[in-house]
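Structure first, commentary second.
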Amino acid sequence: MAAPKRGRSASAQSKPGRSLALILIAIVALTGGMFLSGHTTPRLGIDLAGGTSITLKAKADQGSAINKANMDTAVDIMNRRVNGLGVSEAEVQTQGNDNIIVNIPKGTNSKEAQQQVGTTAKLYFRPVLASEPSGATPSPSPSTSSSGGSSPKPGASASPSASSSSKEKASSGSSASPTSSATSQGRAVTDALKAGSTPSPSTSASGSPKASATPSATPSASASGAAADAAKLQAQYAALNCTKPADRANAGKNTKPGDPTLACGQIRGTWYKYVLGPVAVDGTEVSKAQAVFDTQGASGWQVQMTFTSSGSKKFADVTGTLAKNQSPQNEFAIVLDGDVVSSPYVQSAITGGQAEISGSFTQQEAQSLANMLSYGALPLSFQEQSVTTVTAALGGEQLHAGLLAGAIGLALVVLYLVVYYRGLSLVAMASLLVSAILTYVIMSLLGPAIHFALNLPAVCGAIVAIGITADSFIVFFERIRDEIREGRSLRPAVERAWPRARRTILVSDFVSFLAAAVLFIVTVGKVQGFAFTLGLTTVLDVVVVFFFTKPLMTLLARRPFFASGHKWSGLDPKGLGAKPPLRRTRRPAGPAAGSVDPKEA
């Protein structure tokens with residue numbers, strides 16, 4: 001019976017081309033995705049691309065504690081503000097227990113951003129005087145369903161079946177007044193401004209001090225001034241296009257709480273423009289807001305609000321007045337930082353200090369609106385600790401220095417491989433090239449995917465990874481050379497060396513990855529870029545060694561230049577001090593001729 005063959009792996013030895021084809025397909029697919037996405041270069045961090053870094057320190061002087069929930073809420077609000085400036089790549093993140101770092105890339109008005117990120121936002125309730133979709137011509141025929149927004153209502157009252165989410169403002173803006181022509185539209189706005197100027201003196205008086213001056217001693221002068229203001233606001237309203245970021249940024253800019261204003265709001269993906277009356281209730285008079293699920297009715301997710309004692313009276317007055325009006329003048333707008341986040345309509349006066357905004361909310365929409373009502377203003381005040389400006393020129397110099405350091409490190413590694421391993425250095429350099437391509441493409445794709453930014457510490461992590469990757473090749477090569485020293489030829493030496501080298505490589509890379517993971521978890525800011533890059537390149541090192549270096553070495557072992565042990569191959573048996581070739585001692589197949597078994601004798 002023939003003995004089973006040992007030391008051969010058919011899958012690893014006979015089909016190395018399959019692994020090489022697999023990694024080649026992966027490289028082509030990732031590169032194609034990079035070009036299709038349009039992001040052909042890694043996204044650079046603020047220290048390389050230039051920009052402004054603002055460090056803010058929290059202070060618990062508003063009755064709120066400095067804890068994780070309040071810090072996370074402040075980060076969300078600041079992120080919305082910075083994004084409202086048209087900054088799509090800004091970074092707002094916590095550092096430690098009481099610091100927030102705001103990184104704003106170049107091309108942004110850093111002074112405006114600096115003024116906005118640390119100030120407490122203003123949340124107001126304003127009556128809606130007029131509204132319509134912006135950037136599109138509304139239908140002249142009024143909608144049959146006037147469910148313009150979700151209906152705030154007293155605690156136990158039933159929600160009407162026709163009410164819909166405040167995010168679903170289908171066509172209620174056009175059903176309030178005829179809009180078939182510019183003249184009729186302007187007349188509707190003018191009438192709304194006249195009607196909105198004196199809807200509820202008590203509400204205006206409580207909401208803003210300026211409203212008390214409405215009953216002027218000179219009615220003719222007051223009337224002419226009001227008409228001029230109404231005409232000016234009407235012209236601004238007609239020209240307002242909320243689909244343009246510049247118009248949204250300037251709408252209602254520098255308007256006082258006691259004056260009518262213009263505003264924009266996005267409802268279900270559609271931008272609406274509004275004419276809003278003076279502030280009726282300040283957002284600071286909402287003591288509590290939470291998202292709850294209506295288990296008894298059909299309202300689904302809704303937002304429950306609780307007002308302070310003074311806010312309860314003001315809200316009852318304004319809702320009582322709005323309930324008598326037609327749509328959209330029966331709506332009140334929830335305005336955060338000048339933007340309308342919701343505009344529910346009112347069916348009846350809301351008393352008791354509690355209200356509900358109900359409709360076809362999703363859980364996320366209800367929670368978001370509740371957070372805006374609860375934390376429209378920052379829950380904590382912040383003191384500016386430092387503002388660091390990095391110019392694009394300085395960032396370019398740092399990137400150049402980092403790349404130069406990487407090139408020097410790579411050149412030294414290649415020089416060492418060529419001098420010591422000679423022909424085997426070709427395998428190492430090809431593996432380094434594949435690893436570099438994968439790292440570059442994946443970093444380019446991770447920029448838009450997870451907002452990964454290549455900062456200077458991340459570049460340092462990539463440089464350190466060159467040594468880690470080269471170390472894996474050295475382990476494999478030394479195992480092969482040890483087998484050749486034992487007297488084996490190259491092909492069996494490669495297959496016998498791989499299992500032992502594989503274990504060593506996996507253990508080494510696991511330790512490096514574990515260190516990178518711990519560093520990423522326990523640190524914040526730019527150090528995380530170093531840890532992330534180190535962990536990513538460590539994982540790619542395992543992929544390259546398993547799917548490229550080992551199969552390539554298997555193929556080269558069949559080539560005469562390496563198999564014969566040429567002195568420039570790096571595998572010369574004489575140069576390595578190899579022992580004489582191993583020979584198997586075979587046991588005799590049977591008794592020698594002429595011998596007699598003792599038992600038979």
Side-chain angles (χ1 to χ4, degrees), residues 7-28 30 409-410 412-442 462 464-484 488-513 534-559 561-563 565-566 568-571 576:
R8 290 180 61 90
S9 174
S11 60
Q13 193 173 12
S14 61
K15 297 182 179 179
R18 183 177 298 178
S19 298
L20 293 174
L22 183 62
I23 196 169
L24 179 61
I25 292 173
I27 291 176
V28 171
L30 290 173
L410 181 60
L412 292 176
V413 170
V414 170
L415 180 62
Y416 169 80
L417 293 173
V418 170
V419 171
Y420 193 76
Y421 289 106
R422 301 185 180 182
L424 286 179
S425 62
L426 298 176
V427 181
M429 286 186 287
S431 301
L432 285 172
L433 179 62
V434 171
S435 180
I437 293 174
L438 286 174
T439 303
Y440 181 87
V441 172
I442 291 177
V464 172
I466 296 175
I468 296 176
T469 305
D471 182 63
S472 299
F473 307 151
I474 292 173
V475 169
F476 187 29
F477 295 160
E478 287 300 325
R479 291 294 187 185
I480 296 175
R481 290 158 71 114
D482 287 342
E483 294 294 331
I484 293 177
R488 294 180 178 85
S489 60
L490 181 57
R491 293 183 66 175
V494 170
E495 300 307 322
R496 289 178 63 88
W498 172 242
R500 290 188 294 171
R502 177 178 59 199
R503 288 193 294 269
T504 306
I505 292 171
L506 288 176
V507 171
S508 175
D509 284 344
F510 175 75
V511 172
S512 298
F513 182 81
L534 183 61
L536 174 64
T537 50
T538 301
V539 173
L540 291 179
D541 173 46
V542 176
V543 174
V544 171
V545 169
F546 274 70
F547 290 94
F548 185 80
T549 307
K550 166 56 174 61
L552 182 61
M553 197 64 216
T554 301
L555 289 177
L556 293 179
R558 303 172 184 176
R559 300 298 176 183
F561 177 78
F562 289 95
H566 192 280
W568 288 103
S569 67
L571 299 171
L576 296 176

_Test log, rule side-chain contact (heavy atoms from CB on, under 4.5 Å), inputs Ile442 and Leu540_ = CA-CA 10 Å; Ile442 291 177; Leu540 291 179; 3.8 Å; yes
* Determine, stepwise, if the pair Ile468 / Leu534 fulfils side-chain contact (heavy atoms from CB on, under 4.5 Å). => CA-CA 9 Å; Ile468 296 176; Leu534 183 61; 3.5 Å; yes
Under the side-chain contact (heavy atoms from CB on, under 4.5 Å) rule, what do Val544 and Thr469 come out as? Steps first, then yes or no, please. CA-CA 9 Å; Val544 171; Thr469 305; 5.8 Å; no
### Message
Apply side-chain contact (heavy atoms from CB on, under 4.5 Å) to residues Val427 and Phe477 and explain how you reach the verdict.
### Response
CA-CA 10 Å; Val427 181; Phe477 295 160; 4.1 Å; yes
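For the pair Leu506/Arg503, no side-chain contact is recorded, criterion being any heavy-atom separation below 4.5 Å from C-beta on. The side-chain heavy atoms of Arg502 and Phe546, taken from C-beta on, include a pair separated by under 4.5 Å. Side-chain atoms of Leu555 and Leu20, non-hydrogen and from C-beta on, do get closer than 4.5 Å to each other. Here the side chains of Trp498 and Val545 are in contact, with some heavy-atom distance below 4.5 Å. No side-chain heavy atom of Leu556 sits less than 4.5 Å from a side-chain heavy atom of Phe561.
A distance of 8.0 Å separates CG in Asp541 from OG1 in Thr549, rounded to the nearest 0.5 Å. If you take CG on Leu438 and CG on Leu536, they are separated by 9.5 Å, rounding to the nearest 0.5 Å. Atom CG of Leu490 is separated from atom CE of Met553 by 5.0 Å, given to the nearest 0.5 angstrom. Residue Ile437 holds its CD1 atom at 11.5 Å from CG of Leu432, rounded to the nearest 0.5 Å. Taken to the nearest 0.5 Å, the OG atom of Ser508 stands 14.0 Å off from the CZ atom of Phe513. Phe473 contributes atom CZ, which lies 12.0 Å from atom OG of Ser425 (distance to the nearest 0.5 angstrom).
Heavy-atom neighbours of Arg18 CZ from other residues, nucleotides or ligands within 6.0 Å: at or below the threshold of 12. Within 6.0 Å of the OH atom in Tyr421, the count of heavy atoms belonging to other residues, nucleotides or ligands exceeds 12.
In plain terms, the two heavy atoms of Ala465 and Thr537 that are nearest each other are CB-OG1, 3.0 Å. Shown here for Arg479 and Ala501, the closest heavy-atom pair between the two residues is CG-CB, 3.7 Å. Scanning both residues, Phe548 and Ser431, for their nearest heavy atoms gives CD2-OG, 3.5 Å. Considering every non-hydrogen atom in both Val494 and Ala557, the closest pair reads CG2-CB, 4.1 Å. Of all heavy-atom pairs spanning Ala493 and Ile480, the tightest one is CB-O, 4.2 Å. Between Gly570 and Arg481 the shortest heavy-atom distance is O-NH1, 3.1 Å.
A salt bridge links Lys550 and Glu495; the closest N-O separation between the charged side-chain nitrogens and carboxylate oxygens is under 4.0 Å.
Residues Ser512 and Thr538 have side chains that never bring a donor and an acceptor to within less than 3.5 angstrom of each other.
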